[in-house]
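Worksheet: one structure, shown below.
What you are looking at is a predicted structure, and each value in this text was computed from that prediction instead of being measured. Basis for what follows: all heavy atoms, side chains included, without hydrogens, waters or symmetry-related copies. First listed ligand is number 1; within each ligand, the first listed atom is number 1. Sequence positions, counted from 1, serve as the residue numbers for this chain.
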Amino acid sequence: MSGHIGGTYPNFSGRVVTEADPDPDYDSVRMVWNGAIDHRPAAVAQCQNAQDVAAALIAARIRGLDVSVRGGGHNFAGNAVWPDALTVDLRAMSAVRVDPVTRTAYCQGGALLSDLDTATQNLGLAVPAGTVSHTGVGGLTLGGGFGWLTREHGLSIDNLRSAEVVLADGRIVEACADSHPDLYWAIRGGGGNFGVVTEFRFDLHPVGPIVQVGLLFWPLSQGTEALRTMRETLESLPAGFAAMLGIGMNAPPAPFVPERFHLAPGHALIIVGFGAPDVHEKVVAGVREQLPPLFDLVTPMPYTALQSLLDDAAPPGILAYERALYLDALTDDAIEVMKEFSGRKSSPMSFAPVFTLDGAYTAVDDDATAFSGLRRPTYAVNFACIAPAPELLAADIEWVKEYWQALLPFSRGAGSYVNFMVEPDQERVVAAYGADKYRRLAAIKREYDPENLFRHNANIKPAA
Ligand code: FAD
């Protein structure tokens, strides 16, 4: 083991990488998904197991170092790797074991969605997670976690049966209904505020392995009709289906898109069916008839392919910025704002993905978990600046801010999904959880992390 920030790390079996270490290269271990982030940590502790995590946390406290925790590194703000802090790097802890009898996935804290989906789909099982396969299970789950299976089976946290958590003082505890139930409640939505989760245990559901996917794409010129058609489709979408909107996205230069429409700006509706192909085709045909698209695609595909369908829309290293809002309804006025702003972005990759949260999502009580959102039918609107060049980043950061501001009056307010927060100032974090939930979280924070060691996140301050 090497260590250059005050000597060795007792009981640490991994490597500690600093600026002075050529192998592995410091620059490669400090990089996160967002290429606009250039944080230089004091050191990166590459943990192999929960004991390493405990040793790293204790070493950081002894040395007076800040701590950041790295799961998949997808947080837009780069919270995973903080300047001058010790990065607790979980990347080597990515194993997933599946018990098909109890339908449980045992997923290490540094796994990516691709690790989880591959292991579970080998047995025809899955747990709700996100929509881009290189996202980390850790950050996504601790903030809530929604994706294609959410209408059917809820958020990732709704399927989290228990977790192994390393606390700020180095203790390794079990969080579940019978052990540290307050911690179990808090980690289901409270983000990385309470400790480092080294293992997630998820309930699994039979899914696929083949699912039905339909993509319909309308040009920007059909904005109002396209967005209203999407709204009507979502409002009448039967159980067994999921949908996502790509508002103001450019048609991908993919083989299924006629070449003349490659990168054409417009609006996409993706409809996923988990049942029979003919039932899915009927739903897609209904939409097609209502408003003929510029082009569409209907195809069966493996669930794991669905999980990586959007990977290229946001590749690692791209420059990025985001904001988000919850909308209770896609009103005509909100649709007009979306139409207007869709034509004003600069980067062809920027767009507003809209996630529909209903079905099983609403079957859980607001207070049953710490999730930063209400459990009633909701649209989670993400304003994503995704740019291949700095000048496009600068332009679309302004686009995102203005777009967000323009839709704010139609939303539930500035508090949104904590996993989509780039600027998690105190006011916005309190607004995200609501005052009562925040108070409860702050009391639990005082119990488990009184010194606020885990503070480079949408931070919950320990109650006084
Ligand atoms: P990291 O940057 O590693 O971590 C994020 C935060 O969680 C940090 O504060 C970190 O300290 C903490 N953390 C991570 N792992 C652990 C752990 N094991 N224990 C304790 N703390 C930990 N969200 C959705 O819900 N659905 C989506 O479909 C979706 N799609 C996305 C697509 C892209 C391209 C991107 C960039 C993000 C997407 N997100 C989505 C948001 C995603 O949930 C957050 O970015 C999340 O923070 C990513 O987790 P991570 O582990 O990759 O990130």
Checking a contact table here: which protein heavy atom is nearest [atom], and how many Å away?
atom                    : answer
atom 44 (C) of ligand 1 : N419 O, 3.8 Å
atom 22 (C) of ligand 1 : L142 CD1, 3.6 Å
atom 28 (O) of ligand 1 : T131 OG1, 2.7 Å
atom 7 (O) of ligand 1  : G139 CA, 3.4 Å

Presence of salt bridge, [Y] and [X], under 4.0 angstrom:
X    : Y    : result
E199 : R201 : yes
D203 : R161 : yes
R375 : D158 : yes

Verify whether the ring centers belonging to [X] and [Y] lie closer than 6.0 Å.
X    : Y    : value
W33  : F76  : yes
H180 : Y448 : yes
F146 : Y417 : yes

Are [X] and ligand 1 in contact, using a heavy-atom cut-off of under 4.0 Å?
X    : value
G145 : yes
G195 : yes
G73  : yes

Report the C-alpha distance between N193 and N459 in whole Å, list the side-chain angles of each, state the deciding distance to 0.1 Å, and finish with yes or no for side-chain hydrogen bond (donor to acceptor under 3.5 Å, both in side chains).
CA-CA 7 Å; N193 273 286; N459 194 229; 3.0 Å; yes
Do other residues, nucleotides or ligands put more than 12 heavy atoms under 6.0 Å from E427 CD?
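Not more than 12 within 6.0 Å, no.
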What do we get for [X] next to ligand 1 when only non-hydrogen atoms under 4.0 Å count, side chain, backbone, both or neither?
X    : result
H456 : backbone
L90  : side chain
N34  : neither
L140 : both

Pick whichever of V422, I318, T135 has a heavy atom sitting closest to atom 31 (C) of ligand 1.
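Looking at heavy atoms only, the winner is T135.
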Taking the minimum heavy-atom distance to atom 26 (N) of ligand 1, which of F454, F146, F420 ranks first?
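Comparing heavy atoms across F454, F146, F420, the nearest one to atom 26 (N) of ligand 1 lies in F146.
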